[in-house]
Amino acid sequence: MLPMWIAALPIASAYALTARQVGFSLPETQLMSALIFSAPVQLNLVHLRASGATAMTILSTSIVLMLQTPFYGVSLRQRIPLSRTERLGAAGFLTDSAYGLTMAQGQRASFAYLLGAELSMFAAWNLFTLIGAFLGPTVTLLLPADLSAAAPLTFLAMLVLTVGSRRDAATAVLGGMIMLAARPILPGSLALILAIAIPAVVCAAWRTG
Amino acid sequence: MSTLLLIALLGVMVYSIRLAGFLLPHQWADHPLVARSAHAIPIAALAALTIGGIRVDTRSDWLQLAVVATAGLIALRTKQVGLSVLVGLALLWIVSYFVP
């Protein structure tokens with residue numbers, strides 16, 4: 001979990017700093033982290049609100065930013081037996097980080113691990129939001145260096161440990177290549193959806209063949 | 001629309017989207033095609049999230065990609081996520097210091 005917390009620090013701080021600079025109050029800034037708990041959606045809200053966008057624009061663009069998460073839900077319920085109550089709870093704090101960490105556990109993945117990863121990220125995100133909102137620009141001076149690379153490095157290490165066959169390796173290469181090709185021409189979330197969906201369909205066809 | 005209402009609406013909307021995959025009807029979620037596809041989702045997602053977090057716009061960015069690949073090799077050889085991330089971060093800081 002530690003690398004993910006490290007990665008969350010500069011992002012949450014930057015979000016809080018931006019939110020305060022464009023006029024959100026401290027309680028509003030913190031409330032967004034508590035109720036929404038999604039970096040892309042929160043940053044989108046802050047930027048669009050500052051530019052005078054309508055509520056409908058903010059809501060519709062936020063939907064696009066979250067479209068990869070239903071894939072995570074489908075994937076998690078295939079891996080972990082979840083009761084209805086557990087599904088309702090797990091959905092409340094589901095993020096890329098918690099999903100990646102849980103799936104990297106392989107057969108050891110469990111609801112307890114998933115919820116633990118989710119809640120620890122939730123706590124870290126809200127704590128770092130508070131720190132960023134209070135300290136303002138000072139927080140960037142306190143950071144030893146750019147820590148944002150910690151997240152992709154962690155995802156990569158988990159990917160390397162998850163790949164167990166040629167088919168897995170081919171799926172990873174295909175997903176990475178699609179992301180690389182789609183990112184310059186599509187918004188990040190749409191590129192991510194394509195990079196997940198296309199390899200998933202190809203893999204399904206491969207398993208059928 | 002007031003800011004508080006907008007935040008509350010977004011909170012409900014984000015939760016609903018997160019919940020959608022968990023509440024997909026059984027006849028869809030257990031469909032063989034979906035089950036076979038689901039196997040590939042975590043691997044494809046981890047690969048996409050890795051690439052999505054790395055900038056590859058300039059020459060120095062491609063150098064950073066090489067550093068990240070090195071970190072991946074360390075993870076492969078040592079099976080240590082923490083060590084791989086630590087070495088990767090250190091190498092990235094060194095690269096960004098010498099190649100601005």
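Values reported hereafter were calculated over all heavy atoms of this structure, with side chains retained and with hydrogens, waters and symmetry mates removed. So you know, we letter chains A, B, ... as the sequences are listed, proteins then strands, and number each from 1.
The most heavy-atom pairs under 4.5 Å with chain A, out of I17(B), V81(B), L92(B), V14(B), come from I17(B). Interface check for chain B: of the options G175(A), P152(A), S38(A), the most heavy-atom pairs under 4.5 Å are formed by P152(A). In terms of heavy-atom pairs under 4.5 angstrom with chain B, the leader among V163(A), L45(A), V201(A) is L45(A). Note: L88(A) leads I198(A), I178(A), L88(A), L194(A) in heavy-atom pairs under 4.5 Å with chain B. For the set T3(B), L86(B), V68(B), V12(B), the count of heavy-atom pairs under 4.5 angstrom toward chain A peaks at T3(B). Of the residues considered (S62(A), S25(A), P184(A)), S62(A) shows the highest number of contacts with chain B, using heavy-atom pairs under 4.5 Å. The most heavy-atom pairs under 4.5 Å with chain B, out of T154(A), L82(A), I63(A), T162(A), come from I63(A). Among the candidates T102(A), L156(A), T95(A), the residue making the largest number of heavy-atom pairs closer than 4.5 Å to chain B is L156(A).
Minimum interatomic distance between S33(A) and T129(A) (heavy atoms only, all atoms of both residues): OG-OG1, 2.7 Å.
Looking at L83(B), there are no atoms closer than 4.5 Å to chain A (heavy atoms on both sides), in backbone or side chain. For T78(B), no part sits under 4.5 Å from any heavy atom of chain A, backbone or side chain. Both the backbone and the side chain of L49(B) come within less than 4.5 Å of a heavy atom in chain A.
A donor-acceptor pair under 3.5 Å is absent between the side-chain atoms of R49(A) and the main chain of F24(A), judged by distance alone. Proximity of a side-chain donor or acceptor of R77(A) to a complementary backbone N or O of L24(B) within less than 3.5 Å is detected. Checking side-chain atoms of S84(B) against main-chain N and O of G72(B) turns up no donor-acceptor pair under 3.5 Å.
Listed in order of number, the residues of residues 104-122 of chain A that approach chain B to under 4.5 Å between heavy atoms amount to none.
Counting non-hydrogen atoms of other residues, nucleotides and ligands closer than 6.0 Å to CE of M13(B) gives a total above 12.
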